[in-house]
Amino acid sequence: MTIRIGKISLWHVHAWDYIKQVQEHEDTEIAAVWDDNAQRGQEAAERLNVPYFSSLEEMLAQKDIDAVIVDAPTRDHKDVITAAAKAGKHIFTEKVIASTVSEVNAILAEVREQGVKMTVSLPRLNDGYTLTIQDVLQQGLLGKVTYVRVRLSHNGAIADWLPQHFYNLEECQGGAMIDLGCHPMYLTRLFLGQEVTGVSANFGYVTGKEVEDNAVATLFTDSGAIGVVEAGFVNSHSPFTIEVHGTEGTLLYGTPEDRLLIRTNAGTEAVKEWTEIPLLEKRESAFSQWVSHIQNDSLAAENLQIAAELTRLMEAANTSAKEGRRISLSDLQG
């Protein structure tokens with residue numbers, strides 16, 4: 001049976017990317033559009049040849065709509081996602097779920113209560129380099145992990161290709177860190193492989209906009225391992241970079257080529273020189289996983305756990321940058 005999907009907003013830069021995924025999947029189709037920006041919503045609906053609804057409540061009341069994709073401003077996620085859940089619609093959403101722990105807990109509680117299937121777009125969890133690094137760590141080839149650094153940056157603010165509303169603090173709930181920094185944040189936490197107990201962040205405002213365009217966050221653990229998350233909108237030719245260091249070895253990815261290199265003292269044969277490891281094949285996309293959860297009546301438990309932790313880390317980073325101090329994650333109230 002085809003899953004008919006309503007589009008909640010075209011606000012986000014990835015909105016049309018998700019529409020394309022719907023169009024390319026044999027079991028899904030776009031059935032309707034709602035957007036609080038009437039012109040943007042109507043133009044999208046005409047392009048897609050589907051109805052435009054000026055009322056979200058009216059679109060969610062349609063019995064022939066099974067699910068929704070959320071690309072609304074981060075500020076509105078709590079309202080639109082909980083409304084969709086109460087209407088019994090399955091939910092695929094852009095990250096972050098919300099900017100605070102209290103909001104993400106409220107959203108996930110409603111999703112659980114209504115029994116709908118929800119998945120968050122955390123695409124780099126499914127890429128081959130991530131799966132390969134996880135395999136290396138599971139084999140113990142780096143020993144005890146002591147330091148992780150992940151960097152993701154682009155020149156959107158200086159080349160002026162990001163939409164202007166991405167610099168609106170109220171709508172976005174932040175800048176480079178909460179938008180682009182989500183990806184290095186969840187990867188850094190994943191590769192550390194242990195609970196993060198504290199966060200310290202520093203934000204820069206190179207272009208003088210309302211939100212930060214240059215950002216770094218340091219993640220602390222009780223073991224002494226440290227994670228460093230870097231993101232920016234003001235960096236040209238800055239490669240996506242991963243470093244994982246441990247007591248027995250180091251791996252590097254993307255410095256600058258898309259190659260994974262390792263040196264290690266562990267294993268049956270130590271690797272004394274930098275050696276390239278072939279990357280595993282990527283997993284199916286988060287969107288395809290969501291469709292499978294709907295079809296198979298299963299839950300995206302790991303995805304939602306990682307997404308909830310991402311919000312906790314983001315709230316801590318935003319608070320740290322604002323208050324100029326290290327934030328203990330135990331102090332964040334849900």
Nearest-0.5 Å distance that lies between atom CG in Leu252 and atom CG in Leu261: 6.0 Å
Arg259 NZ/CZ over Tyr129 ring centroid, <6.0 Å and within 45° of normal: no
N-O pairing of Asp127 and Arg283 below 4.0 Å: no
Heavy-atom donor-acceptor pair, Thr130 side chain to Arg124 backbone, under 3.5 Å: yes
Side-chain donor-acceptor pair present, His293, Ser298, cut-off under 3.5 Å: yes
Expected output: side-chain Thr74 to main-chain Gln173 donor-acceptor under 3.5 Å: no
His237 NE2 to His154 NE2 distance, which is reported to the nearest 0.5 Å: 14.5 Å
Side-chain touch Val116/Glu110, heavy atoms, less than 4.5 angstrom: no
Distance-minimising heavy-atom pair for Gln21 and Ser285: OE1-OG, 3.4 Å
Verdict with supporting geometry, Arg312 and Leu329, side chain to side chain contact (heavy atoms under 4.5 Å, CB included): CA-CA 7 Å; Arg312 181 178 292 274; Leu329 267 70; 3.6 Å; yes
Side-chain ion pair, Asp36 and Arg40, N-O less than 4.0 Å: yes
Side chain to side chain, Leu332 and Glu315, heavy atoms closer than 4.5 Å: yes
Salt-bridge criterion met for Asp66 and Lys89 (N-O under 4.0 Å): no
Atom pairs and distances, donor-acceptor, side-chain atoms in residues 45-61, under 3.5 Å, two or more places apart:
{"unit_1": "Tyr52", "atom_1": "OH", "unit_2": "Asp35", "atom_2": "O", "d": "2.8"}
{"unit_1": "Ser55", "atom_1": "OG", "unit_2": "Glu57", "atom_2": "N", "d": "3.4"}
{"unit_1": "Ser55", "atom_1": "OG", "unit_2": "Glu58", "atom_2": "N", "d": "3.1"}

Greater than 12 external heavy atoms within 6.0 Å of Glu276's CD: yes
Side-chain heavy atoms of Glu243 within contact of Leu251, under 4.5 Å: no
is_close_aromatic(Tyr186, Phe191), centroid dist under 6.0 Å: no
Interatomic spacing from CG in Leu142 to OH in Tyr147 - rounded to 0.5 Å: 15.0 Å
Heavy-atom check, side chain of Val229 versus side chain of Val150, under 4.5 Å: no
Same apolar cluster (I L V M F W Y, side chains within < 4.5 Å links), Leu260/Leu192: yes
NZ (Lys209) with more than 12 external heavy atoms under 6.0 Å: yes
Test item: side-chain donor near acceptor, Asp135 and Gln139, under 3.5 Å: yes
Exam field: side chain Ser238 to backbone Ser153, donor-acceptor pair closer than 3.5 Å: no
Side-chain donor-acceptor contact under 3.5 Å, Gln134 with Gln138: no
4.5 Å side-chain heavy-atom contact, Leu108 and Ile97: yes
CG on Asp17 to CZ on Phe287, rounded to 0.5 Å: 12.5 Å
Atom CD of Glu195 with >12 non-hydrogen neighbours under 6.0 angstrom: no
Donor-acceptor contact below 3.5 Å, side chain Lys95 vs main chain Asp179: yes
Candidates Ile69, Asp71, Val120 - the one meeting side chain to side chain contact (heavy atoms under 4.5 Å, CB included) with Phe92: Ile69
Flag if over 12 foreign heavy atoms under 6.0 Å of CD, Glu302: no
Donor-acceptor under 3.5 Å (Asn155 side chain, Val234 main chain): no
Co-membership, hydrophobic cluster, residues Leu279 and Leu125, 4.5 Å side-chain: yes
Polar contact flag, side-chain donor to acceptor under 3.5 angstrom, Asn214-Glu230: no
Side-chain (Thr82) to main-chain (Lys78) donor-acceptor, under 3.5 angstrom: yes
Centroid-centroid distance, Trp290 to Tyr18, less than 6.0 Å: no
Side chain to side chain contact (heavy atoms under 4.5 Å, CB included) between Met118 and Leu304, intermediate numbers included: CA-CA 8 Å; Met118 177 169 159; Leu304 293 180; 4.1 Å; yes
Between Glu309 and Gln305, a side-chain donor and acceptor under 3.5 Å: no
Sidechain-backbone polar pair: Ser288 side chain, Glu284 backbone, donor-acceptor under 3.5 Å: no
Considering all heavy atoms, the nearest Cys182-Leu310 contact: O-CD1, 3.7 Å
Separation between CD1 of Ile158 and OG of Ser236, rounded to the nearest 0.5 Å: 4.0 Å
Which atom pairs, donor and acceptor, lie under 3.5 Å between side-chain atoms of residues 196-203 and protein residues at least two apart or in another chain?
{"unit_1": "Thr197", "atom_1": "OG1", "unit_2": "Phe220", "atom_2": "O", "d": "3.3"}

Close side-chain approach of Phe166 to Glu171, heavy-atom, < 4.5 Å: no
Side chain to side chain contact (heavy atoms under 4.5 Å, CB included) between Thr188 and Arg149, intermediate numbers included: CA-CA 7 Å; Thr188 299; Arg149 171 179 171 259; over 6 Å; no
Minimum-distance pair of heavy atoms, taken over all atoms of Cys172 and Ile178: O-CG2, 3.7 Å
Donor-acceptor contact present, side-chain Glu210 to main-chain Asn168, <3.5 Å: no
Nearest heavy atoms of Ala231 and Leu180, plus distance in Å: CB-C, 4.3 Å
Residues Arg263, Glu273: salt bridge by 4.0 Å N-O rule: no
Least distance between heavy atoms, Gly232 atom then Ala176 atom: CA-CB, 3.9 Å
Polar side-chain atom of His90 near backbone of Ile294 as donor-acceptor pair, under 3.5 Å: no
Residue pair Val228 / Ile226, side-chain heavy-atom distance below 4.5 Å: yes
Nearest non-hydrogen partners of Asp213 and Val206, listed with the distance: OD1-N, 2.8 Å
Donor-acceptor contact below 3.5 Å, side chain Glu212 vs main chain Met177: yes
Gln295 side chain reached by Ile3 side chain, heavy atoms, under 4.5 Å: yes
Inter-residue atom distance Ile91.CD1 - Ile8.CD1, 0.5 Å rounding: 7.5 Å
Same apolar cluster: Trp16 and Trp161, side chain cutoff 4.5 Å: no
Salt bridge (charged side-chain N to carboxylate O under 4.0 Å, His left out) between Glu170 and Arg75, intermediate numbers included: CA-CA 7 Å; Glu170 181 186 1; Arg75 170 200 61 196; 3.8 Å; yes
Heavy atoms of other groups near Asp64 CG, more than 12 under 6.0 Å: yes
